[in-house]
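What follows is a set of notes on a single structure, which appears directly below.
In this text, all values refer to a predicted model and were calculated from it rather than measured experimentally. Throughout, numbering of the chain's residues begins at 1 and tracks the sequence.
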Amino acid sequence: MTWCASILTLFPEMFPGPLGLSLAGRALRDGRWSLEASDIRAFATDRHRTVDDTPAGGGAGMVMRPDVLDAAIGAAMPAGDARPLVYLTPRGRLLDQAMVRSLAAGPGCVLLCGRYEGVDQRVIDARGMVELSVGDYVLSGGETAALVLLDACVRLLPGVMGAAESATEESHGTEGLLEYPHYTRPAEWQGRAIPDVLLSGHHAEIARWRRAESERITKERRPDLWARHEAKQRGAGGMDGHPAAA
């Protein structure tokens with residue numbers, strides 16, 4: 001079954017954008033996934049194609065209307081559609097690799113790209129939207145966030161990446177560590193040499209070096225990930241092999 005992404009946006013011309021190139025673009029052309037971008041304005045009911053209104057209670061900016069959005073969602077998600085409906089918003093749960101893997105393993109997703117000050121809460125509640133954020137910063141709209149989410153998901157679909165092990169050894173893999181450094185030819189460049197262990201041909205030593213570098217980099221750059229990794233290790237029995245205490 002083809003992994004299917006539907007985008008609800010005020011700027012459908014932004015898609016597929018970069019997703020039409022490289023691995024994602026080839027997979028799109030090969031039918032490994034599909035993409036449909038719908039213009040939210042097409043579901044407005046007035047002659048001005050109005051999709052927003054002033055916020056209840058006052059305040060700056062405009063809020064996207066629930067009636068227009070509900071009509072757009074209904075058209076994108078026919079009865080029985082099992083795909084999750086995701087609203088991309090700075091206040092959402094932070095997108096991580098575990099969520100990406102979960103989305104990629106499913107039938108696809110429907111992404112609502114917010115604009116202005118946001119979306120009327122009533123349609124979020126009524127439709128049971130999953131609110132996701134791609135980082136602790138604010139974008140002009142959800143479109144670029146949607147591109148990030150889709151790129152992360154599509155690369156995990158079967159047959160998209162040439163080497164399946166690439167997805168298991170990279171940053172934010174199943175162990176939650178950051179990836180080790182990479183090197184290639186020439187063996188020396190501007191006075192900097194490839195670490196000897198990587199040229200030794202000793203696979204066990206190379207694996208140990210890579211593991212140690214992943215742990216070092218994670219501790220230095222993402223202490224939050226390191227703490228989570230350590231907690232997971234303790235829960236799995238710890239370093240001494242004994243079961244964790246109940």
Under a 3.5 Å distance rule, please check whether [X] uses its side chain to pair with a backbone N or O of [Y] as donor and acceptor.
{"X": "Ser133", "Y": "Gly135", "result": "yes"}
{"X": "Trp33", "Y": "Ala24", "result": "yes"}
{"X": "Ser214", "Y": "Arg210", "result": "yes"}
{"X": "Arg29", "Y": "Gly20", "result": "yes"}
{"X": "Trp3", "Y": "Pro158", "result": "no"}
{"X": "His229", "Y": "Glu175", "result": "yes"}
{"X": "Thr2", "Y": "Cys4", "result": "no"}

Heavy atoms only: give me the nearest [X]-[Y] pair and the separation to one decimal.
{"X": "Thr218", "Y": "Gly176", "result": "CG2-O, 4.5 Å"}
{"X": "Ala5", "Y": "Leu150", "result": "CB-CD2, 3.7 Å"}
{"X": "Leu156", "Y": "Ala104", "result": "CB-CB, 4.0 Å"}
{"X": "Leu94", "Y": "Val134", "result": "CD1-C, 4.1 Å"}
{"X": "Pro181", "Y": "Ile217", "result": "CD-CD1, 3.8 Å"}
{"X": "Ala60", "Y": "Pro55", "result": "O-CG, 4.0 Å"}

Heavy atoms of other groups near [X] [atom1], more than 12 under 6.0 Å:
{"X": "Asp46", "atom1": "CG", "result": "yes"}
{"X": "Asp196", "atom1": "CG", "result": "no"}
{"X": "His182", "atom1": "NE2", "result": "yes"}
{"X": "Arg211", "atom1": "CZ", "result": "yes"}

Is [Y] close to [X] at the side-chain level, that is, under 4.5 Å between some pair of heavy atoms?
{"X": "Leu28", "Y": "Leu19", "value": "no"}
{"X": "Phe43", "Y": "Asp70", "value": "no"}
{"X": "Ser6", "Y": "Arg83", "value": "yes"}
{"X": "Leu147", "Y": "Pro18", "value": "yes"}
{"X": "Leu132", "Y": "Met99", "value": "yes"}
{"X": "Arg65", "Y": "Asp120", "value": "no"}
{"X": "Glu220", "Y": "Trp226", "value": "no"}
{"X": "Val110", "Y": "Leu8", "value": "yes"}

Which distance, rounded to the nearest 0.5 Å, do you find between the [atom1] of [X] and the [atom2] of [Y]?
{"X": "Ile40", "Y": "Cys113", "atom1": "CD1", "atom2": "SG", "answer": "7.0 Å"}
{"X": "Ile194", "Y": "Thr184", "atom1": "CD1", "atom2": "OG1", "answer": "6.5 Å"}
{"X": "Asp30", "Y": "Leu157", "atom1": "CG", "atom2": "CG", "answer": "12.0 Å"}
{"X": "Leu177", "Y": "Leu225", "atom1": "CG", "atom2": "CG", "answer": "8.5 Å"}
{"X": "Ser102", "Y": "Asp96", "atom1": "OG", "atom2": "CG", "answer": "10.0 Å"}

Treating Ile, Leu, Val, Met, Phe, Trp and Tyr as nodes and any side-chain heavy-atom pair under 4.5 angstrom as an edge, say whether [X] and [Y] lie in one connected cluster.
{"X": "Val148", "Y": "Val138", "result": "no"}
{"X": "Val68", "Y": "Val63", "result": "no"}
{"X": "Leu199", "Y": "Ile206", "result": "yes"}
{"X": "Val197", "Y": "Tyr183", "result": "yes"}
{"X": "Met77", "Y": "Ile124", "result": "yes"}

Q. Taking atom types as modelled, is there a side-chain donor on Ser140 or Arg115 under 3.5 Å from an acceptor on the other?
A.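 No, no side-chain donor-acceptor contact under 3.5 Å.
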Q: Start with the C-alpha gap between Tyr116 and Leu10, add the side-chain angles, then the distance that decides, and say whether side chain to side chain contact (heavy atoms under 4.5 Å, CB included) holds.
A: CA-CA 11 Å; Tyr116 315 121; Leu10 296 178; 3.6 Å; yes
Q) Going by an N to O cut-off under 4.0 Å, is there a salt bridge joining Glu131 and Arg91? A)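 A salt bridge is present here (some side-chain N lies under 4.0 Å from a carboxylate O).
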Q. Step by step, would you call Asp39 with Arg41 a salt bridge (charged side-chain N to carboxylate O under 4.0 Å, His left out)?
A. CA-CA 5 Å; Asp39 188 350; Arg41 288 194 187 279; 5.3 Å; no
Q | Check against side chain to side chain contact (heavy atoms under 4.5 Å, CB included), Met14 and Thr9 | A | CA-CA 9 Å; Met14 291 181 68; Thr9 172; 5.6 Å; no
Q) Could you walk me through whether Met129 and Leu112 pass the side chain to side chain contact (heavy atoms under 4.5 Å, CB included) check? A) CA-CA 9 Å; Met129 296 185 196; Leu112 171 59; 3.8 Å; yes
Q: Evaluate the criterion side chain to side chain contact (heavy atoms under 4.5 Å, CB included) for residue pair Tyr87 and Val130; output intermediate values, then yes/no.
A: CA-CA 6 Å; Tyr87 170 38; Val130 178; over 6 Å; no
